[in-house]
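Residues take their numbers from the sequence shown, with the count starting at 1. Not measured: the values here are computed from a predicted model.
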Amino acid sequence: MDKARARDLLAESWRAACRQPRRSLLAALSIAWGIATFVLLLAYGDNVARTVVQAFYAFGADAITITPGRTTLQAGGLRSGRTLRFTLEDIDYLQQAVPTIGRISPEARRAQDFAAGPRLRRATLTGVWPEYGSIRDLQAEEGRWLNPEDEVQRAHVTVLASDLKQRLFGDAPAVGQQVQVGRVPFTIVGVLRRKIQRAVDAGENDQAFIPLSALSAVADATRLTGIVLTPEIPEIHAQCVEQVRRALGERHRFHPSDPLAIRVWDVRKLVEDSIAVAMRGLQMLVAFVGLLTLAVGGVGITNILLVSVVARTREVGIIKSLGARRRNIFWQFLGEAMILVLAGGTAGLALAYLIGGLLGPMPLWSAFAQQSTGVGELSLRISLVHLGVGWLVLGLVGVASGLWPALRAAALDPVEALRRE
C-alpha cells in the first residue's frame, strides 16, 4: 500500500469515527480508563517488589549469618541433642579453612541497660569487629563507624542505632556524649542511619555497637551469638555456605547435613529463591487485573464497530460496487479501531502519569513493620518502561478489537449489502 492510499484510508477512518462523536468518545474513554488502570497497576507491582526486596537487602545484600543451634543427628561418636557454642577460635578456624570467605566478623549480643542523664533504656548491646559495618551495610548518619584502632585499643566507644539514640537523647546531638552501658561509660562516636526492618526484627534500630574487645568490660565476651560473613565474590554464595557448614561440622563434630546444628541466614539466596519469586507473582497478578480492565474497553470498541458495520452496510456495498477491494474496507475499519484506541490510550497514559506524579508516598513497609517512619514507603513512579509497555499493549488491543469487525465488513457481499435497508 503506497503512502497516498494509506493517508486516504486513514482520513476516511477518521471521518467515520467523527460521524458519531458521542459513540466514539465513550469508546475512547473506556480505553483511557483501561490503559490508565493497567499502567498504574503495573507501576504499583514493580514499586512494591522493589521496596520489599530493598527491605530484605537492607540487612546486607551479600551477608550470611551463621548462628549455633542444637544437633539432631549423631556424628563423630557423639549423641544428638548437643547445644553448640561459637567462640573467637571458630572465626580463626574459618578464616584458614574456608578460602571463599571475603569478610567476616563475630557477633555477640547482650541485653543491657543504657542511661544518658535521667533517661534509661534497656536495649541490645552488640560486640563486633569493624568489618561488621560493611557486611551489614551500616551507614553512619552522624559521626563514624567503629575502626580497627577501636578494636585494638579496647576503646570504650559505641555507635548507636537510630531508635536508641532518639530514646536516650531525643533531637539533641549525641556524638561526643557519654552513655552508661551497665555501669561502664562509653563515648558515642556515631549514630546510624535508620534501616528498613521487619516486625520480627523490631530491635534492628534499637541497639548499640561496641568493639568486641571492649565487651568484656560489660558482660561475658567469650560466647558468640553468631558469625556474620560475606563470600569473596557474590556468585559463590552457595559454595561458601557449604564450605562453612562443612568446616564447622568438622570442628564441632556434627554432620554437615544436620539442618538444626547451625542456622544459616543468606539474604541473597532468600531474595532470589523466595522473595523475588513472590514479587514476580504479585507483578503478574496486578498486571493481569489491569489487562482485564483494558480488555473490557477493547470489547466495547469491538461492539461499537460491529454496530457500525451493520449501520454502514449499504455504504460498504456502494463502495465495493464502485471498485473498492476487500483489503480497502478491511483497513478502513481497522484504522477506525486504531484511531479510537490510540486517542483514548494517549489520554489514559497521560492520566496515569499525572496520577503517579500527584500521589505522594504511600505506607507500605512501614505498615508491615509497625513503624511510623517514612523509610520504606511506596512511591508510585511511572517510568518510560511502563509507558512503553502501555503503548505496546494499546497496539495489540487496537488490532484485537478491530480485527473481527474489519473482517466482517470486508466479507460483505456488495449485492446483498445494497439490498439491505
Side-chain angles (χ1 to χ4, degrees), residues 59-60 63-68 84-98 101-116 121-162 164-165 168 174-193 195 203-230 244 247-248 251-252 262 265:
F59 184 86
I64 300 171
T65 299
I66 314 293
T67 56
L84 303 183
R85 295 183 183 275
F86 289 165
T87 63
L88 281 176
E89 287 74 17
D90 293 313
I91 304 287
D92 297 333
Y93 181 78
L94 287 176
Q95 288 177 312
Q96 298 175 5
V98 183
I101 291 178
R103 292 164 293 174
I104 189 169
S105 170
E107 180 184 63
R109 294 175 178 264
R110 306 289 186 267
Q112 287 292 329
D113 291 325
F114 293 80
R121 173 74 178 175
R122 189 163 184 84
T124 300
L125 178 68
T126 306
V128 296
W129 285 352
E131 292 82 359
Y132 188 88
S134 58
I135 295 173
R136 288 287 317 278
D137 192 25
L138 300 177
Q139 300 178 20
E141 190 170 38
E142 303 173 29
R144 64 173 176 85
W145 175 250
L146 305 174
N147 59 38
E149 288 76 17
D150 298 330
E151 180 67 27
V152 172
Q153 298 171 6
R154 301 176 182 266
H156 287 192
V157 295
T158 181
V159 177
L160 301 184
S162 56
L164 183 58
K165 181 267 178 186
L168 292 177
V175 175
Q177 302 297 317
Q178 283 198 338
V179 59
Q180 292 287 128
V181 183
R183 297 182 179 181
V184 181
F186 278 74
T187 301
I188 301 170
V189 296
V191 175
L192 294 180
R193 182 177 302 167
K195 298 190 73 172
E204 180 71 17
N205 293 307
D206 192 20
Q207 60 180 318
F209 299 91
I210 64 172
L212 183 67
S213 60
L215 182 62
S216 59
V218 182
D220 174 28
T222 59
R223 178 176 53 86
L224 303 180
T225 54
I227 299 171
V228 182
L229 58 91
T230 60
V244 168
L248 289 175
R251 178 170 175 79
H252 290 274
I262 60 173
W265 172 266

Gap separating the CZ atom of Arg85 from the CZ atom of Arg223, nearest 0.5 angstrom: 6.0 Å
Partners passing salt bridge (charged side-chain N to carboxylate O under 4.0 Å, His left out) against Glu107 (at least two apart in sequence or in another chain): Arg109
Spacing of OG1 belonging to Thr230 relative to CD1 belonging to Ile64, to within rounding of 0.5 Å: 7.5 Å
Working for side-chain contact (heavy atoms from CB on, under 4.5 Å), residues Ile210 and Val181: CA-CA 10 Å; Ile210 64 172; Val181 183; 5.6 Å; no
Option from Phe186, Tyr132, Trp129 for which ring pair (Phe, Tyr, Trp, His ring centres under 6.0 Å) with Phe209 holds: Tyr132
Shortest non-hydrogen contact from Val159 toward Arg144: CG2-O, 3.5 Å
Ile91 side chain near Leu224 side chain, heavy-atom distance below 4.5 Å: yes
Shortest non-hydrogen separation from Ser162 to Leu192 and the atoms involved: CB-O, 3.8 Å
Residue from Leu88, Asp150, Val128 passing side chain to side chain contact (heavy atoms under 4.5 Å, CB included) with Leu212: Leu88
Partner set under salt bridge (charged side-chain N to carboxylate O under 4.0 Å, His left out) for Arg154, not counting sequence neighbours: none
Ser213 backbone acceptor or donor facing Glu151 side chain under 3.5 Å: yes
Verdict with supporting geometry, His156 and Val184, side-chain contact (heavy atoms from CB on, under 4.5 Å): CA-CA 8 Å; His156 287 192; Val184 181; 3.5 Å; yes
Residues in salt bridge (charged side-chain N to carboxylate O under 4.0 Å, His left out) contact with Asp92, at least two apart in sequence or another chain: none
Set of residues satisfying side-chain hydrogen bond (donor to acceptor under 3.5 Å, both in side chains) with respect to Thr67, sequence neighbours excluded: none
Spacing of Leu248 atom CG and Leu94 atom CG [to the nearest 0.5 Å]: 4.5 Å
Asp206 to Ala161 - nearest heavy-atom pair and separation: N-CB, 4.1 Å
Residues that Arg251 engages under side-chain hydrogen bond (donor to acceptor under 3.5 Å, both in side chains), provided they are two or more places apart: Asp90
Leu146 vs Val157, side-chain contact (heavy atoms from CB on, under 4.5 Å): CA-CA, chis, key distance, verdict: CA-CA 8 Å; Leu146 305 174; Val157 295; 4.0 Å; yes
Distance-minimising heavy-atom pair for Ala221 and Ser216: CB-N, 3.8 Å
By side-chain hydrogen bond (donor to acceptor under 3.5 Å, both in side chains) - contacts of Thr126 (at least two apart): Gln207
Val98 versus Ala247, closest heavy-atom pair with distance: CG2-CB, 3.9 Å
Sub-4.5 Å side-chain heavy-atom contact between Val218 and Gln112: yes
Spacing of Leu164 atom CG and Phe114 atom CZ [to the nearest 0.5 Å]: 5.5 Å
Separation between CG of Asp113 and CZ of Arg121, rounded to the nearest 0.5 Å: 11.0 Å
Leu168 CG to Gln180 CD distance, which is reported to the nearest 0.5 Å: 11.5 Å
Atom of Ile66, atom of Leu229 and distance for their closest heavy-atom approach: CG1-CD2, 4.4 Å
